[in-house]
Amino acid sequence: MRLYNTLKRSKEAFTPANDNDVNMYVCGITAYDLCHIGHARSSVVFDVLYRYLKHEGYKVNFIRNFTDIDDKIIKRAAEVGKEASEIAEKFIGEFYVDMDRLNIQRPTVEPKCTEHIPEMIDLTQRLIDKGHAYATPSGDVYFKVRSFDGYGKLSGRNIDELESGARIAPGEEKEDPLDFALWKAAKPGEPFWESPWGQGRPGWHLECSAMSEKYSPLPLDIHGGGQDLSFPHHENEVAQSEAATGKPFANYWVHNGFVQINSEKMSKSLGNFFTIRDILDKFLPETLRYFLLTMHYRSPLDFSFDALEEGEKGVKRIYSALNQIDAELAKDKWKKSPFPEELTKELDDLEKHFAEAMADDLNTAGALGHIFSVIRLAGRVAEDKNLRKAEGGRDLFQRIKADMADWATILGIFERKPAEFLLELRDNRAARAGIDPAKVQELLDARAQARKDKDFEKSDAIRDELAAMQVEVHDTPQGATWDVL
RNA sequence: GGCGACAUAGCCAAGUGGUAAGGCAGAGGUCUGCAAAACCUCCAUUCUCCGGUUCAAAUCCGGAUGUCGCCUCCA
């Protein structure tokens, strides 16, 4: 496959350092609050990359950490009068609830920062020994940025230009404003661990370097995270790891684009902020996951409930088609009539296009487009009396069903039984529209009686009443069903 | 101020040198007691603007305009 590598600023053929083994590290959450839709995007993107690599036959060692000690966690703990560890544990639990609903697969390893303090102390000591770091009298340890030649290569920054903007905050004992903390001395009342430099805790950037090194040989094949992490977080990781080991840290850097609200960055300070829960209170998780995949992972993605509703229509359309294919395949008589070769050829091409889209820097938006084309192909066959009854038609339906099942394992959507999902989606939309399903059923029963009596005036009146409730009625040979308008 | 990304139909959105995927909305049709849903078909001579390179540009280069991000915790 080809992957866009932030380090090179271009797409490159992806080749793991060691045959079929892929070592992938993605920066996880800092556990101090509920996850928002930006976390959802990042999680879904790297989940699809993980699934895709496995699908392509790679053996993937996927590492995603938890930052469970940090300024923000300490602050939150102080606010609510709890231990930092309690806060971290609580939000790690909440994180899993959200991730499971979004059908995010568990990584191979999920290391926690607080369980790797010895490794972090060791890495810090090695950096001091090599002259890349220094301890201050008050017990902080800083990385000496100017001691590392490659600083700035990932984010494309020039060290001297950075200098002008950097400042030493009052009370800091840095030799250079650019230097960043590897180890922070504990302030009174803060959680701490013993170290050669006194009681303290690791700096944020250090965690990822230490845990990468522990769970993967270096260089990592892929290191991922949100775009905003590229500087300074990832730049600092590169500096720490490469200065300590003398080896390249990661071969491919993958950064996902941001979720925006009205073309502006979503952030707590702007107040334009949605948690995953806010959205899943109203929409099905699969709707959100589908929506997140309709745009290329590197593009900024504008979130709105209107856009999400449009995505919902897409999911519905695909599941409806899958449902129809199931219905066709439920038949047991098939004719040996001729079947046009072009249609089979069309599916050949579409299968190829899907594979190419995914291989081209994980182009899920393009891949989804090809799925719609496959769906339309199925629709064309189902529409034609001769084609849908032919053995060739059956074979095509079966192949499409198998393709969709295969693709579903990569995308993590369309894995449900169509009929079941469609009902669930209807009820979800009904709940959103404030429709009472019991009341609908009551009216539907009354209408069925009226139709049986050939009292079409009455049955139409009931249908109008339902329409006023935003309920649409579908008459089928098996009776009436309903959906939300 | 420094670094970077983006600009494609009414809207959303793929497409990085070979003559514009897909979705939503819209129009027509099949079906139906009438409908609706579903399904089928149609829907950008053109890719923000101006120059340039090339047999060939939405794609490459230069410039303009606009939008956004990073440089401070942030997915």
Side-chain angles (χ1 to χ4, degrees), chain A residues 6 9-11 26-30 32-33 35-46 70-72 75 152 155-158 160-167 169 204 224-233 235 255-260 262-269 290-291 294-296 298-302 304 306-307 309-318 320-321 323-324 350 353 357 360 363-373 375-376 378-384 451 454 456-457 459-460 463-464 466-467 471-477 480-483 485:
Chain A
T6 307
R9 310 206 169 274
S10 64
K11 283 189 211 172
V26 175
C27 294
I29 58 159
T30 297
Y32 76 108
D33 206 346
C35 286
H36 53 68
I37 183 176
H39 294 109
R41 185 180 197 192
S42 181
S43 308
V44 167
V45 164
F46 289 105
D70 175 84
D71 289 345
K72 290 193 293 280
K75 183 167 172 258
S155 54
R157 278 157 222 261
N158 177 306
D160 294 313
E161 279 154 4
L162 282 169
E163 184 85 60
S164 62
R167 274 209 229 136
W204 177 47
Q227 211 152 57
D228 56 329
L229 257 28
S230 68
F231 188 88
H233 184 54
E235 193 69 63
H255 290 104
N256 66 276
F258 263 62
V259 175
Q260 308 183 326
N262 294 324
S263 299
E264 283 196 331
K265 181 174 172 171
M266 182 176 81
S267 74
K268 286 187 179 172
S269 50
Y290 170 88
F291 172 74
T294 56
M295 273 143 265
H296 188 92
R298 279 189 286 117
S299 309
L301 178 158
D302 230 31
S304 68
D306 283 347
E309 246 175 89
E310 208 183 277
E312 183 178 69
K313 288 177 187 167
V315 177
K316 188 180 167 191
R317 170 135 184 237
I318 291 169
S320 299
N323 198 215
Q324 191 182 2
L350 256 8
H353 291 155
D360 182 15
N363 186 354
T364 55
L368 250 13
H370 299 307
I371 285 184
F372 276 102
S373 299
I375 287 318
R376 272 222 314 276
R380 255 183 290 150
V381 174
E383 191 202 24
D384 187 299
R451 291 186 79 218
K454 301 261 187 244
F456 292 121
E457 208 168 303
S459 83
D460 285 356
R463 189 170 64 197
D464 289 345
L466 284 161
V471 171
E472 65 189 12
V473 179
H474 315 154
D475 288 322
T476 73
T481 64
W482 65 280
D483 202 348
L485 210 53

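Sequence lines set the chain letters: A, B, ... in the order given, protein chains first and strands last, and positions in each chain run from 1. FYI, side chains are in, hydrogens and waters are out, and symmetry mates aren't considered; it's all heavy atoms of this structure.
With P as the reference atom, B:C42 and B:A20 are 16 Å apart, rounded to whole Å. Look at the P atom in both B:A44 and B:A37: the space between them is 24 Å, to the nearest Å. Taking atom P in both B:G66 and B:C55, the straight-line distance is 35 Å, to the nearest Å. Spacing between B:G29 and B:U45 at atom P, rounded to whole Å, works out to 25 Å. Remark: the separation of the C1' atoms in B:C49 and B:A57 is 16 Å, to the nearest Å. Between the C1' atoms of B:C61 and B:U54, the separation comes to 12 Å (whole Å). Spacing between B:A58 and B:U19 at atom C1', rounded to whole Å, works out to 11 Å. Taking atom P in both B:U48 and B:A7, the straight-line distance is 8 Å, to the nearest Å.
Look at A:K313 and you'll find a side-chain N or O under 4.0 angstrom from OP1 or OP2 of B:A25. Contact between the side-chain N/O atoms of A:R376 and the OP1/OP2 oxygens of B:U41 is found at a separation under 4.0 Å. OP1 and OP2 of B:C6 both lie 4.0 Å or more from every side-chain N or O belonging to A:R298. Look at A:R317 and you won't find any side-chain N or O under 4.0 angstrom from OP1 or OP2 of B:A37. Residue A:T294 has no polar side-chain atom (N or O) positioned under 4.0 Å from OP1 or OP2 of B:C24. Between A:R463 and the phosphate of B:A36, there is no side-chain N or O to OP1/OP2 separation shorter than 4.0 Å.
Residue contacts for A:F231: at a heavy-atom cut-off of 4.0 Å it reaches the sugar-phosphate backbone alone, with no base atom in range. Within 4.0 Å (heavy atoms only), A:Q260 reaches sugar-phosphate atoms of the nucleic acid but no base atom. Heavy atoms of A:H36 sit under 4.0 angstrom from at least one base atom. At a threshold of 4.0 angstrom between heavy atoms, the contacts of A:F372 are confined to the sugar-phosphate backbone, with no base atom among them. Looking at heavy-atom distances under 4.0 Å, A:E472 makes contact with sugar-phosphate atoms alone, never a base. Here A:D460 lies in heavy-atom contact (under 4.0 Å) with a base. When heavy atoms are screened at a 4.0 angstrom cut-off, A:G226 is found touching the sugar-phosphate backbone but no base atom. Among the heavy atoms of the strands, none lies under 4.0 Å from A:V26. The residue A:D475 sits close to a base: some heavy atom pair falls under 4.0 Å. Contact annotation for A:S320: no contact, since no heavy-atom pair falls under 4.0 Å across all strands. Using a 4.0 Å heavy-atom criterion, one finds that A:T481 contacts no nucleic acid atom at all. Within the 4.0 angstrom heavy-atom criterion, only backbone atoms of the sugar-phosphate kind lie near A:N363; the bases stay farther away.
The nucleotide whose nearest atom lies closest to any side-chain atom of A:R380 is, among B:A38, B:G33, B:U41, B:U41. Distances were taken from every side-chain heavy atom of A:E383 (C-beta onward) to each of B:G33, B:A75, B:C39; the shortest belongs to B:C39. Between B:C73, B:C24, B:A37, one nucleotide has an atom nearer to the side chain of A:K72 than all others, and that is B:C73. Of the listed nucleotides (B:C68, B:G23, B:G33), B:G23 has the atom at the smallest distance from the side chain of A:E310. Listed candidates were B:U41, B:C24, B:A13. Nearest to the side chain of A:M295 is B:A13. When the nucleotides B:G22, B:A13, B:A75 are ranked by their closest atom to the side chain of A:H39, B:A75 comes out on top. Picking from B:G23, B:A14, B:C34 the nucleotide with the shortest atom distance to the side chain of A:A365 gives B:A14.
Atom NZ in A:K265 sits about 11 Å away from atom P in B:C73, given to the nearest Å. Remark: P of B:C73 and CD of A:E235 are 14 Å apart, rounded to the nearest angstrom. Protein atom NZ of A:K316 is 11 Å distant from nucleotide atom C1' of B:A36, rounded to whole Å. For the pair A:L301 CG and B:C6 P, the interatomic distance rounds to 16 Å; values are reported in whole Å.
With hydrogens and angles left out, the side-chain atoms of A:S230 and A:H255 include no donor and acceptor closer than 3.5 Å.
Rounded to the nearest 0.5 angstrom, A:I29 CD1 and A:D70 CG are separated by 11.5 Å. Atoms NZ and OH, on A:K313 and A:Y290 in that order, are 12.0 Å from each other to the nearest 0.5 Å.
Looking at A:L466, A:T481, A:D483 one by one, the single match for side chain to side chain contact (heavy atoms under 4.5 Å, CB included) with A:E472 turns out to be A:D483.
Pair check for B:C24 finds B:G10; Watson-Crick or G-U wobble, both atom distances under 3.5 Å. Of all nucleotides present, only B:G29 satisfies the Watson-Crick or G-U wobble test against B:C39, with each distance under 3.5 Å. Pair assignment for B:C68: B:G4, on the basis of Watson-Crick or G-U wobble contacts that are both within less than 3.5 Å. Of the nucleotides present, none pairs with B:C73 by Watson-Crick or G-U wobble criteria with both distances under 3.5 Å. Base-pair partner of B:G51: B:C61 (Watson-Crick or G-U wobble, both distances under 3.5 Å). The nucleotide B:A44 finds no pairing partner, because no Watson-Crick or G-U wobble arrangement with both distances shorter than 3.5 Å includes it.
Side chains of A:R317 and A:F372 form a contact here, defined as non-hydrogen atoms less than 4.5 Å apart. Within the 4.5 Å cutoff, side-chain heavy atoms of A:M266 are placed close to those of A:H36.
Taking every heavy atom of both residues into account, A:A382 and A:Q324 meet most closely at CB-NE2, 3.5 Å. A:D302 and A:E264 make their closest contact through OD1-N, 4.5 Å (heavy atoms, listed as atom of the first residue, atom of the second, distance).
The 5' end of RNA chain B is approached more closely, in terms of each residue's nearest nucleotide, by A:K11 than by the other of A:G314 and A:K11.
Residue A:Q227 places no side-chain atom within donor-acceptor reach of the base of B:G69, judged by atom type and a 3.5 Å distance cut-off alone.
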Could I get a table of every N or O pair under 3.5 Å where one atom is in the protein and the other is in nucleotides 2-4 of chain B?
unit_1, atom_1, unit_2, atom_2, d
B:G2, O2', A:E161, OE1, 2.8
B:G2, N2, A:R157, NH1, 3.4
B:C3, O2', A:G156, O, 3.4

Notebook entry, point to check: Would A:D475 and A:R451 count as a side-chain contact (heavy atoms from CB on, under 4.5 Å) if you check the C-alpha gap in whole Å, the side-chain angles of each, and the deciding distance to 0.1 Å?
Noted result: CA-CA 11 Å; A:D475 288 322; A:R451 291 186 79 218; 3.2 Å; yes
Next item on the list: Might you work through the salt bridge (charged side-chain N to carboxylate O under 4.0 Å, His left out) test for A:D360 and A:K11, ending with a clear yes or no?
Entry: CA-CA 9 Å; A:D360 182 15; A:K11 283 189 211 172; 2.9 Å; yes
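Between A:H353 and A:H370, the angle of the ring planes lies from 30° to 60°, which puts this pair in the tilted group.
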